[in-house]
Amino acid sequence: VANSPVANDSLAVLERTRSTAETFGIPLAVLAELTHRCPLQCPYCSNPIELDRANSELTTDEWKKVLSELAEIGVLQIHFSGGEPTARKDIVELVQHASDVGLYTNLITSAVLLSRDKLEALADAGLCHVQISFQGNEPVVADRVGGYRGGHAKKLDVARWTRELDMPLTVNAVMHRQNLHQLADIIQMAVDLDADRLEVANVQYYGWALKNRAALMPTIEQIDDTTRIVDEARIRLKGILDIDFVVPDYYALRPKKCMGGWGRQFFNISPAGKVLPCHAAETITGLDFESVRSNHSIAWIWQNSEAFNRYRGTGWMPEPCQSCEFKEVDFGGCRCQAFALTGDAGNTDPACTFSPRHEEIFKLAEIESSEGADRFLYRNFRGGTLEDDPHGR
Ligand code: FES
């Protein structure tokens, strides 16, 4: 291994890691997308339209090498994600290896493939934290959104087992027009499950989710209610449940500081080994992403690769961003959203009120949300799509 080009590159760059960290800050936490395979078919999936196939996924040994390299360059936390990370048969082995090299491990899961024995094996392998996604607070809505019958009941079981095994739990609730009426009950569900944290995650509209925007976009009234419910719950549950909540982009005046700014605080590794500035970056066509299978170390890719440097900092920004007083506050918002909505990732994020496209896109969203379309176009990993049958699924 020491003679491999990657290892040599890695060693050479290791010396520069301190200055790299000072320049761009090697992220403390990295997302490892182990697979795009997923038993759920969520209409809001933000992964690229073209998913990595199982036969292109990094092998167990390749992932172990990546995990070792990440620990070596100063990463402290690894978030195992997907797709559904437990669809990988080697998930326990990978968690064990991550623990062995000193990484704090988090499993971001839909939970539906987990048994109690498997969860216990993961805990024994050193798993530090579990995050479970929920699609509602009861099965009628939740199983319909996830396109998986019996999924909600299974998630509740796994959440309870997580706490029985003494691992901290985060409930991730993906919210949109068709489940926002359940928000107060979802908050109570998180309390009842003894979760430490609740992420009220509004759907982001790129990747597959953009196809379902009309069925998912909340109304302005819903956003007002949501803000009120979250504000009240934060006060009432102080010290019991931390609640993360960000107003959805389309209804904000300023865009979100997506990923903390492109290439500033975050990268993830795709199932096939691409090192990406965000999990949806492959939705942007025309950008080439380096792979951990290349001759470059991960630290080199972070510091030098074209894809990371294209939208890093503020030099790339067009007007009105370039002369905007907020340019170092939001770093231009979200590149994936700019690409999805304008066809050019280098444009101003239309979520920003200063974007020439803001008005038009906001109006479109408002119209879509008021028309009340409720049919989903499901994401089906096997390649096809399923039109929604709200009564038959
Ligand atoms: Fe890719 Fe925002 S999701 S930059």
Side-chain angles (χ1 to χ4, degrees), residues 24-25 27 29-33 36 42-52 79 81-83 108 133 172 174-176 199 201-213 216-217 244 246-271 274-290 301-302 305-318 321 326-352 355 357-358 361 365 379:
F24 298 121
V30 167
L31 190 77
E33 292 179 291
H36 276 155
C42 302
Y44 53 71
C45 182
S46 60
N47 279 335
I49 302 293
E50 286 299 321
L51 298 173
D52 289 347
H79 301 278
S81 170
I108 299 175
S133 63
N172 170 270
V174 185
M175 305 306 299
H176 46 81
E199 286 182 359
N202 285 289
V203 168
Q204 307 290 325
Y205 297 96
Y206 24 74
W208 194 265
L210 195 54
K211 290 175 178 286
N212 282 294
R213 189 175 65 181
L216 295 167
M217 182 60 68
D244 287 345
V246 180
V247 175
D249 261 351
Y250 281 63
Y251 292 112
L253 292 178
R254 294 270 90 74
K256 61 182 177 293
K257 184 184 179 183
C258 199
M259 304 294 136
W262 182 274
R264 290 178 59 81
Q265 299 173 0
F266 176 87
F267 67 84
N268 69 297
I269 299 174
S270 78
K274 298 268 182 67
V275 186
L276 306 174
C278 80
H279 72 289
E282 285 182 291
T283 60
I284 301 173
T285 56
L287 274 183
D288 283 331
F289 301 102
E290 298 278 355
I301 295 170
W302 166 257
S305 69
E306 204 262 333
F308 275 91
N309 285 320
R310 175 82 71 91
Y311 303 116
R312 197 172 235 154
T314 58
W316 61 272
M317 290 179 179
C321 307
F326 299 107
K327 72 177 175 185
E328 293 194 11
V329 175
D330 56 42
F331 287 95
C334 177
R335 294 306 89 221
C336 298
Q337 183 155 265
F339 181 82
L341 298 181
T342 74
D344 182 349
N347 281 338
T348 299
D349 181 348
C352 180
S355 160
R357 306 288 304 278
H358 178 80
I361 286 168
R379 175 140 224 184

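For ligands, and for the atoms within them, numbers begin at 1 and follow the listed sequence. Position 1 is the first residue of the sequence; numbering continues from there. Treat the numbers as computed from the prediction; the structure is a model and nothing was measured.
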Of all heavy-atom pairs linking N347 and R335, the shortest is O-NH1, 2.7 Å
For the side chain of H79 and the backbone of V30, is there at least one donor-acceptor N/O pair under 3.5 Å apart? no
Q204 side chain to N202 main-chain N or O, any donor-acceptor pair under 3.5 Å?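 Indeed, once roles are kept as given, a pair shorter than 3.5 Å links the two residues.
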Which of E33, E290, E282 passes salt bridge (charged side-chain N to carboxylate O under 4.0 Å, His left out) with K274? It is E282
Could you tell me if the ring centre of F331 sits under 6.0 Å from that of W262?
no
Review point. Ignoring water, what protein N, O or S atoms are under 2.8 Å from atom 1 (Fe) of ligand 1?
Key: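 Sorted hits: C278 SG, C336 SG.
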Contacts of R310 meeting side chain to side chain contact (heavy atoms under 4.5 Å, CB included) (sequence neighbours excluded), chain-then-number -> L287, E306
